[in-house]
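Just below is one structure, and these are the notes that go with it.
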2 protein chains.
Amino acid sequence: MSKLKENKTKYVILGFLNHEKMSGYDIKQRVDNSIKMFWPVRYGQIYPTLKKLEQDGMINHCKSTYEFGPERKIYEITKTGQAELKKWLKKPIIKEDMRYEILVKLFFTGSGEKKDIIKNILDFKNRYQEQLSKLQYLSQNLESVLGEHEDHQYFYLTAQFGIKTYHSYIEWAEQAIKFLEEKKGDESNG
Amino acid sequence: MSKLKENKTKYVILGFLNHEKMSGYDIKQRVDNSIKMFWPVRYGQIYPTLKKLEQDGMINHCKSTYEFGPERKIYEITKTGQAELKKWLKKPIIKEDMRYEILVKLFFTGSGEKKDIIKNILDFKNRYQEQLSKLQYLSQNLESVLGEHEDHQYFYLTAQFGIKTYHSYIEWAEQAIKFLEEKKGDESNG
DNA sequence: GAAAGCATGTAAACCGTTACATGATTGG
DNA sequence: CCAATCATGTAACGGTTTACATGCTTTC
């Protein structure tokens with residue numbers, strides 16, 4: 001009778017609200033400035049989840065007291081919500097589910113054309129080179145404030161994860177392209 | 001008016017059927033022995049997708065002619081299906097969507113306990129060390145048959161991707177644990 | 001003859017995306 | 001005043017997972 005699929009995005013919301021109360025719009029901004037790369041969240045998910053979290057007594061809301069700007073609902077985490085967040089943080093992760101479309105295409109390239117996968121791998125490499133630059137910049141900034149707050153350590157480590165894996169993506173892409181181009185003449189249909 | 005979400009698993013099915021005709025059960029076995037790590041597929045997805053692909057004229061089926069064993073439906077790809085597969089292989093990939101639950105937990109560990117995330121990172125590392133061994137074994141086998149068939153090159157490159165990224169996962173995990181344990185005494189609540 | 005596995009499939013639930021919709025506010 | 005942005009939300013859809021269901025076959 002366990003849940004069919006666990007909503008993990010709700011913990012993202014609880015996580016941000018545990019730091020300070022804010023609106024759904026604010027949460028979206030925070031996500032985009034931090035965990036977006038490994039956990040994107042959209043409005044279409046945030047607002048319904050906020051609604052459900054409130055029904056479940058995890059959060060409460062009140063009207064914004066700001067004089068200016070459109071009205072906002074400011075959400076606040078409850079004791080129940082905090083307990084739920086902490087319970088989740090304690091729980092072991094069974095498995096990550098990763099899906100790499102590029103690898104599926106590569107796997108089936110025998111049914112297609114070599115030049116197309118080379119192009120796709122090149123795009124892949126460029127995409128992650130861009131992401132890597134951003135992460136390296138972020139990482140440097142975090143490094144200089146590491147001692148200021150415990151949280152910075154955790155943010156820093158997530159950035160390190162990205163840097164390391166993106167490096168290996170790029171390295172793989174370069175080697176794969178080289179490998180494919182070397183072998184290009186080997187087939188009759190080259 | 002474009003599709004809300006593209007079904008990519010159908011290309012997995014078309015991809016396998018383009019090599020040879022087989023049953024839904026066979027496809028599941030193939031997936032588990034090859035692309036499972038970067039594109040898992042379950043029966044609950046295979047059978048309905050086969051049904052839909054047949055309705056769309058991408059594949060046909062006939063009864064198995066084997067004398068023994070339960071009856072099977074043997075599916076065969078059509079010209080339309082082949083064209084569809086090739087069209088997809090030509091198409092550029094816009095973005096991968098990756099979700100790392102472990103990074104979300106790490107990011108919010110300030111609301112939890114350091115020992116819990118360390119445990120989770122350790123599990124993460126062990127998981128990928130196991131996967132890495134399997135991949136290295138597979139990679140060696142593929143290396144020895146690289147010249148035999150063009151396809152082996154592509155399978156080989158997908159394995160290389162796994163080896164590289166899993167290596168970086170493991171390296172990151174080790175460094176992260178070390179980093180967290182070094183800083184353990186820094187906080188008052190250590 | 002019972003248990004394990006082969007082989008097929010359906011139904012329900014849920015997550016997440018996309019598109020759509022609204023209205024207020026700020027800046028030019 | 002018009003456009004952009006702030007801020008909130010809903011509806012529809014589709015992908016995927018899980019659980020359930022069936023019946024046959026092989027093995028012990």
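Small disclaimer: the values here were computed from a predicted structure and weren't measured. Chain letters run A, B, ... following the sequence lines, proteins first, then strands; residues in each count from 1.
The A:Asn7 side chain lies nearest to C:dC15 when the options are C:dC15, D:dG9, C:dT8. Picking from D:dT8, C:dA7, C:dG9 the nucleotide with the shortest atom distance to the side chain of B:Tyr25 gives C:dA7. Side chain of A:Arg42, nearest nucleotide from D:dT16, C:dT8, C:dT17: C:dT17. Taking only side-chain atoms of A:Tyr47, from C-beta outward, the nucleotide of D:dT17, D:dT10, C:dT8 with the closest atom is D:dT10. Comparing atom distances between the B:Tyr43 side chain and each of D:dT10, C:dG16, C:dT8 picks out C:dT8 as nearest. Out of C:dT10, C:dT17, C:dT8, the shortest distance to the side chain of B:Lys51 is found at C:dT10.
Going from atom CH2 of B:Trp39 over to atom C1' of D:dT17 covers 15 Å, rounded to whole Å. Atom CD in A:Gln29 sits roughly 9 Å away from atom C1' in D:dC6 (whole-Å rounding). In this entry the distance linking CD of A:Gln45 with P of D:dT10 reads 15 Å, nearest Å. Here D:dG15 presents its C1' atom at 13 Å from NZ of B:Lys10, a figure rounded to the nearest Å. In this structure, the OH atom of B:Tyr75 is 9 Å from the C1' atom of C:dT8, given to the nearest Å. Here the P atom of nucleotide C:dT18 and the CD1 atom of A:Ile46 are 14 Å apart, to the nearest Å. Nucleotide C:dT25 holds its P atom 12 Å from the CZ atom of A:Arg72, rounded to whole Å. One can place CD of A:Glu6 at 14 Å from C1' of D:dT18, the figure rounded to the nearest angstrom.
At least one side-chain nitrogen or oxygen of B:Thr9 sits closer than 4.0 Å to the OP1 or OP2 atom of D:dT16. Using a 4.0 Å cut-off, some side-chain N or O of B:Arg99 falls inside it from OP1 or OP2 of C:dT17. Contact check, A:Lys73 against D:dG9: a side-chain N or O comes under 4.0 Å of OP1 or OP2.
Between the side chains of A:Trp172 and B:Thr165, no donor-acceptor pair is found at a separation under 3.5 Å.
The aromatic ring centres of B:Tyr154 and A:Phe107 sit 6.0 Å or more apart. Centroid-to-centroid, the aromatic rings of B:Phe161 and B:Phe38 stay 6.0 Å apart or farther.
Summary of the strand contacts: B:Leu50 and B:Asp97 both lie near DNA chain C, and taking for each the nucleotide with the nearest heavy atom, the more 5' one is attributed to B:Leu50.
Looking at heavy-atom distances under 4.0 Å, B:Gly24 makes contact with sugar-phosphate atoms alone, never a base.
Under the rule for a ring-ring contact (aromatic ring centres under 6.0 Å, His included), the partners of B:Phe179 that lie at least two apart in sequence or sit in another chain are A:Tyr156.
With respect to B:Tyr75, the side-chain contact (heavy atoms from CB on, under 4.5 Å) criterion is satisfied by exactly one of B:Lys21, B:His61, B:Met22, B:Met58: B:His61.
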